[in-house]
Amino acid sequence: DIFKLIVISCTTFLIVILPWLFWINFKFPTEAEMILRGIFNPIANVVQQHSGPWYYYLKTIRININELINLPLLFLFIKSFQRITKERFLLIAWILIPLVLLSISSTKREVYIIMSATPFFISISLFIQYLSKISFHHKFRKFAIFIQALFFIAAIRYSIERIKPHKQRLTKPAYRIEMEKLRASLNTPSDSIVIYNEPYYIEARFYYNLIGYRYLNDIGINDIKIKGFKVFENKNGNYIKK
């Protein structure tokens with residue numbers, strides 16, 4: 001039954017996605033190639049110096065999920081070894097498949113593990129539920145309650161640490177101030193301004209409708225200028241006209 005559901009899900013997915021992939025590759029071959037390269041490049045190459053050892057995600061899940069996450073994982077594997085069920089098998093697969101695939105990739109980023117955060121939280125819930133049963137019928141009742149409390153305390157502490165409620169958040173970064181100065185200094189539409197060597201090229205388009213590029217060669221710069229665009233290079237945060 002599970003295999004049939006997997007086949008149906010994969011078939012439906014392919015029926016939906018393949019026409020779009022064919023159309024994008026036919027209509028925008030250069031952009032499609034760049035997107036696919038961006039998707040698969042982190043597997044074989046380190047992107048933006050985000051490297052790490054093979055156990056990187058095993059080390060960081062305690063930061064992104066819960067400091068005591070290893071206890072529910074150990075509990076899950078021990079119980080599955082004692083008696084495997086369909087639910088436990090799917091839960092372990094949901095945890096291990098992304099974890100293994102991400103660990104063998106060259107690029108390591110903490111945010112990647114969030115895609116499989118749900119089974120980790122389910123494992124924590126099952127473990128807390130198991131501790132609840134112990135706390136009612138076992139001599140280690142106080143210890144079980146103490147461990148349960150630690151899970152909630154750790155979650156609250158990490159939430160405060162991540163959110164940083166006392167830190168001023170509505171501070172405009174320096175790069176946006178420079179972009180605003182550039183746009184204000186030119187009496188021309190924003191989408192006629194091209195900036196390159198720009199690390200925040202996506203934000204440039206999002207906030208100010210400026211056309212940003214991470215890299216441009218001399219030929220590309222000349223072609224853009226011939227078409228009537230104003231071109232500026234980002235040099236240490238300042239924009240120099242080319």
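Using a 30° and 60° split on the angle between ring planes, Tyr130 and Phe75 fall in the tilted class, from 30° to 60°. Between Phe143 and Phe146, the angle of the ring planes lies from 30° to 60°, which puts this pair in the tilted group.
Counting all heavy atoms, side chain and backbone alike, Asp191 lies closest to Ile211 at O-CD1, 3.1 Å. In plain terms, the two heavy atoms of His50 and Val46 that are nearest each other are N-CG1, 3.6 Å. Contact record, Ile63 with Tyr158: O-CD2, 4.1 Å, taken as the closest heavy-atom pair. Here the closest heavy-atom approach between residue Gln148 and residue Ile128 is recorded as NE2-O, 3.0 Å.
Within a 6.0 Å radius of CD1 in Ile219, no more than 12 heavy atoms belonging to other residues, nucleotides or ligands are found. Enclosure of atom OH in Tyr200 is not indicated, since only 12 or fewer non-hydrogen atoms of other residues, nucleotides or ligands lie within 6.0 angstrom. Other residues, nucleotides and ligands contribute at most 12 non-hydrogen atoms within 6.0 Å of the CG atom of Asp218.
One side chain, Tyr239 or Glu198, offers a donor N or O that lies under 3.5 Å from an acceptor on the other. Counted by atom type alone, Tyr208 and Arg176 present one or more donor-acceptor pairs between their side chains at under 3.5 Å. Under the 3.5 Å distance criterion, with hydrogens and angles disregarded, a donor-acceptor pair is assigned to the side chains of Arg205 and Asn209.
The pair Glu178-Lys181 meets the salt-bridge criterion, with a side-chain N (NZ, NE, NH1 or NH2) lying under 4.0 Å from an Asp/Glu carboxylate O. The existence of a salt bridge linking Lys241 and Glu233 is excluded, since no basic side-chain nitrogen approaches an acidic carboxylate oxygen closer than 4.0 Å.
Within the 3.5 Å criterion, the main-chain N or O of Lys79 finds a donor-acceptor partner in the side chain of Arg88. Within the 3.5 Å criterion, the main-chain N or O of Thr188 finds no donor-acceptor partner in the side chain of Ser192.
Remark: Ile95 CD1 to Ile61 CD1 distance equals 8.5 Å, nearest 0.5 Å. Atoms CD1 and CG, from Ile124 and Asn66 in turn, are 4.5 Å apart once rounded to the nearest 0.5 Å. One distance of note links OG of Ser51 with CG of Asn45; it measures 12.5 Å at 0.5 Å rounding.
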Take Leu216 and Ile224, measure what side chain to side chain contact (heavy atoms under 4.5 Å, CB included) needs, and give me the verdict at the end.
CA-CA 10 Å; Leu216 272 181; Ile224 291 172; 3.7 Å; yes
Check the pair Arg37, Glu33 against salt bridge (Lys or Arg N to Asp or Glu O under 4.0 Å), reporting the backbone distance first and the verdict last.
CA-CA 6 Å; Arg37 192 186 304 121; Glu33 182 186 353; 2.8 Å; yes
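The cluster map of Ile, Leu, Val, Met, Phe, Trp and Tyr, joined by side-chain heavy atoms under 4.5 Å apart, puts Leu96 and Leu101 in different clusters. Connection of Val111 to Leu102 is established within a shared hydrophobic cluster, with ILVMFWY side chains joined at heavy-atom distances below 4.5 Å, either directly or through further cluster members.
Ring centroids of Tyr213 and Tyr201 are separated by 6.0 Å or more, keeping the two rings apart.
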